[in-house]
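Note sheet for the following structure.
Every chain is numbered from 1, with letters handed out A, B, ... down the list of sequences. Since we're looking at a predicted model, the values are computed, not measured.
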Amino acid sequence: MSFIVSKFKCKGITFFSLLHVTHYSSRFSTAAVASIEPKIPPDLSSCIVQDKDLLLKSLNPSGTGLHVLDLVDEGSLEPHPTLYHLLLKKCTFLRKPKLGKIVHAHISNSHFRGDVVILNTLLNMYAKCGCLDDARNLFDEMSVKDMVTWTTLITAYSQHDRPLDALLLFPQMLSLGFFPNEFTLSSLLKASAALPDTPQIYFHGAQLHGFSFKCGFHSNVYVGSSLLDMYARCGCMDEAHFVFDVLPTKNEVSWNALIADHARKGQLDRALSLFLKMLRQDFQPTHFTFSSIFGACASTGSLEQGKWVHAHVIKSGGEIIAFMGNTLLHMYAKSGSIQDAKMIFDRLVKRDLVSWNSMLTAYAQHGLGKEAVQCFQKMLNIGLVPNDITFLCLLTACSRAGLLEEGQYYFKSMNRYNIEPGISHYVTIVDLLGRAGLLNEALRFINEMPIQPTAAVWGALLGACRMHKNVEMGSFAAERVFELDPHDSGPHVLLSNIYASGNRWRDAAKVRKLMKESGVKKEPACSWVEIQNTVHMFVASDDSHPQMGAIYKKWEEISARIKEIGYVPDTSHVLFYMDEQEREVKLQYHSEKLALAFALLNSPDGSTIRIKKNIRVCGDCHSAFKFVSKVVGREIIVRDTNRFHHFYDGSCSCGNFW
DNA sequence: GTAGGGTTAG
C-alpha cells in the first residue's frame with residue numbers, strides 16, 4: 001500500500017496530512033484530511049511514504065463520514081490507540097458528539113474497551129461537547145479510573161456551570177486514595193468561584209487554597225490565576241492582589257484575571273493602572289484584557305478612557321473580532337457615542353448574534369426606534385435567527401421611540417421563532433402601551449398575562465401613570481408593587497410624585513411616612529461630568545465643590561435666559577410639600593443642573609457636554625435642558641439609568657418618551 | 001489523556 005503524505009511543521013510540532021491513498025483512491029481522492037488543527041495550512045512539500053504508523057497518525061475524520069472506521073470494520077485496518085485518540089480529538093475540536101458516539105461504539109467493541117487513557121479521552125470528548133450525562137454514565141461505568149479521570153469530570157462540571165457537582169467529587173476522589181494535581185485544583189477553584197454566594201465561595205475557596213499551599217501547587221500559574229479570581233469574586237481584593245504579587249511566574253491570564261476583577265467591580269482606574277503596568281512589563285494584552293476594560297468603561301460611561309484603550313487595540317494591529325468588538329460597541333453606545341458604536345459594528349470582522357443584539361440595544365438606548373427596526377430586518381435578511389434577547393432589545397427600542405404598532409407586531413411574531421415571551425418582554429409591552437398613553441390597555445394586558453405579573457410589570461404601569469398623570473391607576477399599580485417588592489425606593493418616589501403633581505400633598509406625605517417606617521431609603525440622586533480626565537460629581541443642593549459660588553451664579557444666569565424664551569419650572573417634581581417659590585428654589589439645584597452649569601463654565605464653547613446621572617432625569621430638568629441647548633448653542637447629552645437624551649437646538653432626541 | 005481570565009437586556 002502506498003500513499004502520499006504531506007509533512008509540515010508548525011509551532012515546533014510535526015503534522016502529517018494525508019493527501020492521497022492510491023489503494024483506496026475512490027474513498028480518499030479528495031480527502032486531503034488535514035492535521036488535528038485544521039486551520040494550519042499544509043506545506044506542499046509532500047513525500048511518498050510507505051509506513052502504516054504514519055498513515056494512522058495522518059488519519060482524521062473529515063466531513064461527515066468516519067471513513068477510517070469503515071476500514072476497521074472491513075478488516076483493512078487494524079484498530080490502534082492512536083487512531084481512536086486522533087478521531088476523538090477531532091470530534092472534540094469540531095464539537096461533534098454524535099460522531100464521538102460512533103467512535104465510542106467502536107472502542108467498546110475493540111480490545112481497548114478497558115484502556116483508561118482512551119476512555120479518559122472519550123470522557124473529555126463528552127465533557128467538552130457539553131454532554132454531561134454521557135460523561136457521567138461513562139465515568140460510572142469505568143471499572144478502572146485514575147486521577148485524570150476524576151479531574152476530567154470535575155473540569156466538565158466546573159466548565160458547564162455546575163460548581164457544586166464539581167466540588168462534591170473532590171472528597172469522594174480523596175477518600176478513594178486519588179491525589180489531585182494542579183489541573184484538578186485549578187478546576188476546583190474555578191468551581192468554588194462560581195458558587196452563588198460570597199460566604200460559600202470563601203468557605204470552599206480558602207480550604208482549596210490551603211490544600212494547594214500544602215501540596216506546593218499554589219505557585220502554579222493556573223492555580224494562582226483561579227485562586228486570585230476566586231478571592232476577588234468573594235470581595236477579598238487584598239488577598240487577590242497578594243496571590244498575584246507572590247506568583248513567581250505570571251502570564252497574560254493572571255494579569256487578565258486581576259484586571260477583569262477590578263473591571264467587574266466598576267473600578268476603572270485600578271483596571272487601567274494594571275493595564276499600564278502589564279504593558280510596561282512587556283505582557284501583551286489580549287482580547288480578554290480589552291474586553292474587560294471596555295466593559296468597565298461602559299458601566300462608568302468613560303468615553304475618553306475607552307477611546308484611549310481602543311487606540312491601543314488599533315496600535316496592536318489586531319482585528320476587531322466579535323468578542324472584544326461587541327464590548328467595544330457596547331462601550332461606545334453606553335458612553336454616548338452612537339456614531340462610534342455603529343462604526344465598530346460596520347467594521348467587525350465577523351458579527352455574531354451578540355453583535356446584532358448590542359447594536360439593537362445601542363439604538364434603543366438612544367431612542368432610535370426606526371433604525372432598530374431596520375437593523376432587525378437586516379439581520380433576518382441575512383438569515384440570522386433572533387433569540388429572546390434580540391426581541392427584548394427590539395421591543396425596548398420600539399417602546400422608547402413610541403413605535404406602538406411595530407412593538408405589538410414584533411411581540412406577536414415571537415412565537416414564529418418558538419420564543420416564549422419572558423417576564424421582561426411583558427414588562428416592555430406594558431411600558432410600550434403605557435408610554436403611548438394606553439393605560440387601560442396596559443392594565444388589561446397585565447390582567448390577561450399567562451404568567452404572574454411581577455413588581456417590574458406593575459412598576460412599568462406605575463411609571464406610565466406618572467407620565468400621564470393618572471392618580472387613581474397610579475396608586476393602584478403602586479399598591480401592587482409595594483406588595484411584591486416593598487423595599488424598592490423607586491415606586492415610592494414615583495407614587496409620591498404622582499400625588500404631588502395632582503396637588504394631593506397629604507397623600508404624598510403619607511407615602512413618605514410609609515417609606516420612613518418601612519426603612520426604604522431613596523438613593524441620593526447624583527450627576528457627574530468629566531472635564532479634562534477628572535470626574536466631577538454633584539448631588540442636589542450640594543455646595544461642597546470649590547467652584548460652587550460660580551456654578552450657582554452661572555445657573556441663575558442661564559435660568560433667567562431660558563425663562564425669557566418660555567421655560568416654566570414644573571414644580572410637581574419636588575417631593576416635599578412647600579410653597580411654590582420654595583419648590584422652585586429646590587428645583588434650581590438638582591444635581592444635573594449643577595453639573596450642566598459646571599460644564600458650561602469649564603468646557604470650550606460649542607463642545608458637546610456629556611452628563612451622567614444615577615437615576616432617571618427629572619421632568620423639570622429635561623424641560624430646562626431643551627431650552628439651555630438652544631440658548632447656549634451646544635449639544636447636551638444626558639445618560640440616565642434608562643437611556644440617552646440628546647438635547648439640541650431646543651429639543652430632545654427622546655421626543656419626550658422616557 | 002486532564003487546568004485558569006472575557007460579551008449583549010434590566
**OP:** Using a heavy-atom cut-off of under 4.0 Å over every strand shown, decide if Ser186(A) touches base, sugar-phosphate, or nothing.
**Re:** base
**OP:** Answer yes or no for this row: Phe323(A) ring on dG6(B) base, centroids under 5.5 Å, planes under 30°.
**Re:** yes
**OP:** Compute whether any side-chain donor of one residue and acceptor of the other, for His425(A) and Asp388(A), lie under 3.5 angstrom apart.
**Re:** no
Subject >> Nearest listed nucleotide, side chain of Lys190(A), among dT8(B), dG4(B), dT2(B) >> reply: dG4(B)
Subject >> Distance-only donor-acceptor check, side chains Thr286(A) and Thr289(A), under 3.5 Å >> reply: yes
Subject >> Interatomic distance where CZ belongs to Phe288(A) and C1' belongs to dG4(B) [whole Å] >> reply: 10 Å
Subject >> The single option from Trp356(A), Tyr417(A), Tyr363(A), Tyr410(A) passing ring-ring contact (aromatic ring centres under 6.0 Å, His included) against Phe376(A) >> reply: Tyr410(A)
Original post:
Picking from dG6(B), dA3(B), dT8(B), which would you name as closest to the side chain of Tyr222(A)?
Top reply: dA3(B)
Original post:
Would you say Lys334(A) reaches dA9(B)'s phosphate, i.e. side-chain N/O to OP1/OP2 under 4.0 Å?
Top reply: no
**OP:** Grab the CZ-P distance between Arg400(A) and dA9(B) for me, whole Å please.
**Re:** 11 Å
**OP:** Round to a whole Å and report the spacing from CZ of Phe170(A) to C1' of dT2(B).
**Re:** 15 Å
Original post:
For Asn181(A), which contact category applies under a 4.0 Å heavy-atom criterion: base, sugar-phosphate, or nothing?
Top reply: base
Original post:
Could Asp229(A) and Arg233(A) be called an ion pair, given the rule that one side-chain N must be under 4.0 Å from one carboxylate O?
Top reply: yes
Original post:
What about His80(A) and His111(A), are their ring centers closer than 6.0 Å?
Top reply: no
Original post:
Between atom CH2 in Trp356(A) and atom C1' in dT8(B), what is the gap in whole Å?
Top reply: 15 Å
Original post:
Val223(A) near the nucleic acid: base, sugar-phosphate alone, or nothing, with a heavy-atom cut-off under 4.0 Å?
Top reply: nothing
**OP:** Look at the side chain of Asn251(A) and the base of dG4(B), then say whether one donor and one acceptor between them are separated by less than 3.5 Å.
**Re:** yes
Subject >> Nucleotide dG6(B), atom P - distance to CZ of Phe294(A) in whole Å >> reply: 16 Å
Subject >> Rounded distance (Å) that lies between atom P of dA3(B) and atom CE of Met173(A) >> reply: 14 Å
Subject >> Touch class at under 4.0 angstrom, heavy-atom based, for Thr396(A) against every strand present >> reply: sugar-phosphate
Original post:
When you measure from the side chain of Ile389(A), which nucleotide among dG4(B), dA3(B), dA9(B) comes out closest?
Top reply: dA9(B)
Original post:
Within the structure shown, what part of the strands sits under 4.0 Å from Arg264(A) by heavy-atom distance: base, sugar-phosphate, or nothing?
Top reply: sugar-phosphate
Original post:
Counting side-chain heavy atoms from C-beta on, which of dG6(B), dA3(B), dG4(B) comes nearest to Ser292(A)?
Top reply: dG6(B)
**OP:** Report yes if a side-chain nitrogen or oxygen of Gln159(A) is closer than 4.0 Å to either non-bridging phosphate oxygen (OP1 or OP2) of dT2(B); otherwise report no.
**Re:** no
Original post:
Salt bridge between Lys101(A) and Asp134(A), side-chain N to carboxylate O under 4.0 Å?
Top reply: yes
**OP:** Output the single nucleotide from dG4(B), dA3(B), dT8(B) whose closest atom is nearest the side chain of Thr155(A).
**Re:** dA3(B)
**OP:** Quick one: closest heavy-atom pair of Thr300(A) and Gly266(A), and the distance?
**Re:** CG2-O, 3.8 Å
**OP:** Tell me which nucleotide among dG6(B), dT7(B), dA3(B) gets nearest to the side chain of Asn326(A).
**Re:** dT7(B)
Original post:
At under 4.0 Å between heavy atoms, what does Asp261(A) touch on the DNA or RNA strands: base, sugar-phosphate, or nothing?
Top reply: nothing
Original post:
With a 4.0 Å cut-off on heavy atoms, is Thr151(A) in touch with a base, just the backbone sugar-phosphate, or nothing at all?
Top reply: base
Subject >> Nearest to side-chain heavy atoms of Ser358(A), which nucleotide of dT2(B), dT8(B), dG6(B) >> reply: dT8(B)
Original post:
Picking from dT8(B), dG6(B), dA9(B), which would you name as closest to the side chain of Gln365(A)?
Top reply: dA9(B)
Subject >> Nucleotide nearest Val354(A) when distance is taken to its side chain, options dA9(B), dT2(B), dT8(B) >> reply: dT8(B)
Subject >> Atom-pair distance (CG on Leu328(A); P on dG6(B)), nearest Å >> reply: 18 Å
**OP:** Rounded to the nearest angstrom, tell me the gap between atom CD1 in Ile344(A) and atom P in dT7(B).
**Re:** 18 Å
Subject >> Donor-acceptor pair (no angle test) under 3.5 Å: Ser225(A) side chain, dG4(B) base >> reply: yes
